[in-house]
Amino acid sequence: MDDKYSSNVISGGKLGRVEVPNARLTRYIVLLLFTKLFKALGIFESYDLLKVVHIVQFLFILKLGCAIVLLFFQKPFTSGKIVSRRQWIKILKHAVISCIISLLGFFGLTLCGPLRTLLLFEHSDVVVISLLSVLFTNSGGGPSKTRGAAFFIIAVICLLLFDNDDLMAKMAEHPEGHHDSALTHALYTGISFLGVADHKGGVVLLVLALCLKVAFHTHSRKLSVEIGGAKRLYALSNLVSSVVLLPWVIVLSVTTESKVESWSGLILPFAMIVFSVMILDFYVESICTAKLEAPRCARYGSIFLFLSGLLLANFWTHPLTDQLRAMSKPGQQASTEHVLSGGVLVSACFFIMSDSILSSPSKKGQKGTLVGYSPEGIPLYNLMGDALQHSSQSLPRFIKDSLKQILEEYDSRQIFYFLCLNLAFTFVELFYGVWTNSLGLISDGFHMLFDCSALVLGLFAALMTRWKATRIYSYGYGRVEILSGFINGLFLMVIAFFVFVESISRLIDPPNINTVMLAAMSVGGLLVNLVGICAFSHAHSHGTSKSSCSGHEHGHSHHGHAHGEHGHSHGGHGHSHGHGHSQSPGGRGMNANMRGVFLHVLADTLGSVGVIISTVLISQFGWLIADPICSLFIATLIFLSVIPLLKDACEVLLLRIPPEHEKDLNFALEKIQKVEGVLSYRDPHFWRHSANTIAGTIHLQIMSDVVEQRIIQQVTAVLKDAGVNNLTVQVEKEAYFQHMSGLSTGFQEVLAMTQQMESMKYYKDGTCIM
Amino acid sequence: MLPLSIKDDEYKPAKFNLLIKLSGWFRSILSDKTSRNLFFFLCLNLSFAFVELLYGIWSNSLGLISDSFHMFFDCTALLAGLAASVISRWRSNDSFSYGYVRAEVLAGFVNGLFLIFTAFFIFSEGVERALEPPDVHHERLLPVSIAGLLVNLVGIFVFQHGGHGHSHGGDDGHGHSHSLFNGSIGHGHSHGGHGHSHGGHGHSHVDKHGHGHDHGHGHGHGGHGHSHEDSHCHDDHSHTPGKGSSKQILQGVFLHIVADTLGSIGVIISALLMQKYDLMIADPICSMLIALLIGVSVVPLLRESIGILMQRTPPTLDHTLPDCYQRVQQLQGVYNLQEPHFWTLCTDVYIGTLKLLVAPDADSRWILSQTHNIFTQAGVRQLYVQIDVAAM
């Protein structure tokens, strides 16, 4: 044993903290697996026992048995230092607190059943501590930890909300049935006072007990060092707590009559529980924590525990196991078993995921990328990009920050307020629908919720647009708003299509609609949406109204001033342009994202108006056909109003030259041609990246005796006047081609490329299919 | 100096001849293998939908009519793919200086979005039905869905075959959908076929990789030579843009067809289950599972196409670029490298711009050509280098 241990240490030290030989570890992992299986078994068994034995008696027997066994093994009195008086007092406190926590835990067990207790209560300290640090401090440990915390919370919520346990209904019928101690009764009434179901209260209780347990473990670590080892403290504390519990047990057993027929039949289960839950688990956990690292041990342990808990929960009420148990315990009432519902399964999955994420060691390395070397030869790292972008944040702070960001700017603030209004309306509708049990209202509420997703998308895009450019997204995230507008537009198209189809099928076979509730709801929706329209159209009046001609003229005359001597011809072109494309909305105030959101709100408003009109028509004249005709009309309207948005977004995404700058750019190119020393240009590419970025690239061939820098300056100035604000100019002298011939591409290819470029301009009309 | 510029607009034919235009479209559709396949499959799908619609109107069955409209909606995906594959071959003009090659990315994106919408609708409907199982008339459902399945199987087969020449078993098409059209994810045997099958070679390769897929459907791959290996998939930067290597279109369309097929299979299974065992819950569970599957399978496509549309630095260049920057900065006379922008134009065509701050006495032509050399090796097709001379 000794040499094994030392070799392990040596190899561990040599290879570092993580890389310990796997074969050696497998043994401990298997040991851990069996221990956890036994522990799960013990907890299931103790749930059965707790139905007959009173909780305090049960705990007393456990502590006593554990203390006796540990006295034999640890010999806390004969070995080690003498325990002083003050330390005895500390041990007493320790024992009392541990008793309270285990009482809470076992009480939770009686409420929730063994599986849920395993899932909630048996998280190791590492997991809970990192969970709490993610939630409440600033130094979480990256997005993965946040994800883990989110999983944990989702799992608890699943257990709270989606776990429909039939048993609880039965329990509620006889609430005073087996609550025979004052403590349990007080807890029970406390929980029922809160108005939650029985086992939901148990869930809350267990979560609290879990936090208490972790705090208690952390604090008792110091004491265990003082006493001389965690094992000795454990033994002493168990002994003391059994002494503490003794008077209570005596009083209980005198005042109430026991439900147990024969204590002798319970010896075996008790021995098993004491062994598996109290002793084996403690020893194996301490060994494994020493051999593996604590996080790893915690991860494997909790995963094994949960899996075995699931396994046992599946087979515990199986007839076969009933038969097996019938041999040892005849008197078994099988009516009150907790069922294995879907919510529990889902939450078990989430718990397993969150445990494995939270217990994984956090990487504390800098993730900067090497960008090069400084002139002195020192390596330079780029920390600006991902490393800072994804720095961890605690949850409340994150929410606060994003709220601040949202409220900072006009667009996102507008969307946010409207989203809140919409959500409030939706929830009122949903609650009212649930209350009055009207399916129409509920489905309408869900429809509204679905509509809100467009708003959420718009809000998110408006936020994301302001992110700084990273190494990966070198132009910044400005495109998000165009993408979001595009997605919103497509979304509306799909909706319009479905409305169209449905109204056609209703035209053929008009259904009977009860119009009472519908009209009221749609009036409410109309009001909400009207608010939205006012809010959004205020900001984007020229984006949607078709009279954007004046806006164009204004913009162009402004350019004319800037250009000076080209003012006249330019102004004329501006006019013709404005008239030709009078319906394409342009200009810098436009924002595809906001347009998308606005169109969505508009579509909703149209829908409400349509519903109101058709309701009136139906109720007044009994024209059932009015409804489908209205929806047909509305679908067409939506469809038509979305098309310009989609067209513009597509043009941007296809890297078209921005239409409103096209003429300017052509003039700028002509001017470049005339700049002194420029022979020609090729490959001029200009495209709009986001609402306020236009990127451009151009190749210039210049005479060999001109200063390149001056030409770059001139060309940049010319193109900047035309609106391009992210420009790259590549200047080539004739010698460039000779240099290119040295490359892998080869001279011929370059020449061919240029020729192709030239020729393409000529025979474009002939062959191209336009 | 005489103005030599040519205005395209003025030379456009004044008379709009529909027939010539149509025939031009038709020819351009048929000239490329991808679009030809798409077109034929679209015709098949449309005819099926029309038959269904007519039969539905004739027999006055609402279910059939709505199903046929659903089919029409599905056809929009194909239509988008077809349009994109034609559009992406248009030449570049003054307005669209890069050409229309991005249409393929856009088509993939649109298809992915449509699929997500569809999956969402199916999912919500499944939840609705799970809460309150309706009476489904399964006597008519079964033949229609079997017919739909057959049509879609043809589609899967055609696209698998036509696009890439690999033929896996048709029924596990979904599991292979990533590996078929998205070679960068990791299956070595999938990529690399683009250039070949579209470049006019037809079926010039054979499944020689030894994956053990059986060719149950009698397509003779027999005597053709095999022209690529597994390691081939990384060095095909050499085909020119606009040649129709429409990875995204195909991926989107393929996913759509697979989704439809899965839907038909789900309907068949649930119909069988309902008939035999009277399990009414089978229908919503099936549809929810299918919706989840569709949603999960679309995510990679969407992520990739959003990355391209947002001018992301190409993921394949992520690791090589810092090396390149370093090498450029080590060139004689280069002080600094500014504003590097690298992005993807369409599949495998990368474009980059950067600015170099150089010493006043540096040989800028040499730096220019060296920089071009460095980035060409990394796979950047078009590079624009602006050389700024540092102030003294």
Side-chain angles (χ1 to χ4, degrees), chain A residues 369-373 446 471-475 477 479-480 483 487 490-491 494 497 501 504-505 508-509 650 653-657 659 662 666 670 683-687 689 695 697-699 708-709 712 728-733 735-736 739-740 742-745 760-762 764-765 768-770, chain B residues 5-6 8 11-12 21 24-25 28 62 65-66 69 73 86 90-98 100 102-103 106 110 113-114 117 124 306 309-313 318 322 325-326 329-330 337 339-343 353-355 364-366 368-369 372-373 376-377 382 384-389:
Chain A
T369 47
L370 182 77
V371 288
Y373 292 94
F446 274 109
R471 188 176 60 86
I472 301 291
Y473 291 93
S474 55
Y475 284 107
Y477 290 84
R479 275 254 164 134
V480 173
L483 270 184
I487 292 174
L490 272 183
F491 205 39
V494 173
F497 182 82
V501 168
I504 283 185
S505 74
I508 298 171
D509 176 22
C650 267
L653 289 178
L654 282 176
L655 303 180
R656 189 198 198 283
I657 290 181
E662 206 170 356
N666 284 339
E670 277 176 28
D683 291 2
H685 294 305
F686 304 100
W687 42 276
H689 179 71
T697 53
I698 191 167
H699 281 195
E708 297 166 359
Q709 205 57 39
I712 288 180
T728 310
V729 184
Q730 175 166 321
V731 173
E732 297 152 2
K733 296 192 177 173
Y736 174 75
H739 280 288
M740 284 299 275
L743 297 179
S744 56
T745 42
M760 243 161 64
K761 281 182 185 149
Y762 290 100
K764 196 161 7 188
D765 303 343
C768 185
I769 308 103
M770 289 280 294
Chain B
S5 68
I6 287 180
D8 298 321
Y11 286 92
K12 274 204 170 145
K21 208 162 183 180
W25 277 342
S28 73
L62 211 63
I65 294 176
S66 76
F69 272 108
F73 182 66
V86 172
W90 286 356
R91 301 289 177 85
S92 57
N93 54 20
D94 272 349
S95 304
F96 290 85
S97 57
Y98 282 110
Y100 294 83
R102 272 241 169 151
L106 209 58
V110 170
L113 274 182
F114 273 8
F117 292 154
S124 61
I306 283 181
L309 289 179
M310 279 185 58
Q311 317 286 77
R312 184 196 196 283
T313 303
D318 259 355
Y325 297 159
Q326 199 182 326
Q329 286 187 330
Q330 280 165 348
L337 184 148
E339 300 180 36
H341 297 300
F342 285 87
W343 47 279
T353 63
L354 46 94
K355 292 184 180 171
S364 60
R365 276 163 292 181
W366 178 77
L368 190 63
S369 67
H372 270 268
N373 197 359
T376 308
Q377 282 170 10
Q382 294 184 23
Y384 297 82
V385 182
Q386 174 171 344
I387 290 180
D388 291 329
V389 178

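Scope of the values below: all heavy atoms of this structure, side chains included, with no hydrogens, waters or symmetry mates. Within every chain, numbering begins at 1; the chains are lettered A, B, ... in the order of the sequence lines, protein sequences first and strands thereafter.
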(request) Could you tell me which portion of Leu354(B) (side chain, backbone, both or neither) has an atom closer than 4.5 angstrom to a non-hydrogen atom of chain A? (result) backbone
(request) Tell me, for Leu483(A) versus chain B, whether the close heavy atoms (under 4.5 Å) come from the side chain, the backbone, both or neither. (result) side chain
(message) To the closest 0.5 Å, what do you measure between CG (Leu368(B)) and CD (Glu708(A))?
(response) 8.5 Å
(request) Pick whichever of Thr353(B), Asp318(B), Leu309(B) has the most heavy-atom pairs under 4.5 Å with chain A. (result) Leu309(B)
(message) Is Leu106(B) in contact with chain A via its backbone, its side chain, both, or neither, using a 4.5 Å heavy-atom distance?
(response) side chain
(message) Please classify the contact of Phe491(A) with chain B as side chain, backbone, both or neither, using a heavy-atom distance under 4.5 Å.
(response) both
(message) Tell me the closest heavy-atom pair linking Met310(B) and Val480(A), and the distance in Å.
(response) CE-CG2, 3.5 Å
(request) Give, for atom OH of Tyr98(B) and atom CG of Leu654(A), the distance between the pair rounded to the nearest 0.5 Å. (result) 13.5 Å
(request) Mind listing the closest non-hydrogen atom pair of Pro340(B) and Ser474(A) along with its distance? (result) O-CB, 3.5 Å
(request) With a 4.5 angstrom heavy-atom cut-off, could you sort out which part of Ile712(A) is near chain B: side chain, backbone, both or neither? (result) side chain
(request) Could you grab the distance from atom CH2 of Trp343(B) to atom CG of Leu655(A), nearest 0.5 Å is fine? (result) 5.0 Å
(request) Determine, stepwise, if the pair Trp687(A) / Gln311(B) fulfils side chain to side chain contact (heavy atoms under 4.5 Å, CB included). (result) CA-CA 12 Å; Trp687(A) 42 276; Gln311(B) 317 286 77; 2.8 Å; yes
(message) With a 4.5 angstrom heavy-atom cut-off, is it the side chain or the backbone of Phe117(B) that approaches chain A, or both, or neither?
(response) side chain
(request) List the steps and the verdict of side chain to side chain contact (heavy atoms under 4.5 Å, CB included) for Val731(A) and Ile387(B). (result) CA-CA 8 Å; Val731(A) 173; Ile387(B) 290 180; over 6 Å; no
(message) Report which part of Ser364(B) has an atom under 4.5 Å of a heavy atom belonging to chain A: side chain, backbone, both, or neither.
(response) side chain
(message) Is it the case that the side chain of Thr313(B) and the backbone of Arg471(A) share a donor-acceptor pair, with hydrogens and angles ignored and the cut-off at 3.5 Å?
(response) yes
(request) Quick one: pull up CZ in Arg312(B) and CD1 in Ile472(A) and give me the separation to the nearest 0.5 Å. (result) 5.0 Å
(message) If you count heavy-atom pairs within less than 4.5 Å of chain B, which of Ile504(A), Val501(A), Thr697(A) leads?
(response) Thr697(A)
(request) Using a cut-off of under 4.5 Å on heavy-atom pairs, state which of Phe497(A), Phe686(A), Tyr475(A), Tyr473(A) scores highest against chain B. (result) Tyr475(A)
(request) Name the region of Phe342(B), side chain, backbone, both or neither, that has any atom closer than 4.5 Å to a heavy atom of chain A. (result) backbone
(request) Flag the pair His372(B) / Gln730(A) as yes when at least one side-chain heavy-atom distance between them is below 4.5 Å, and no otherwise. (result) yes
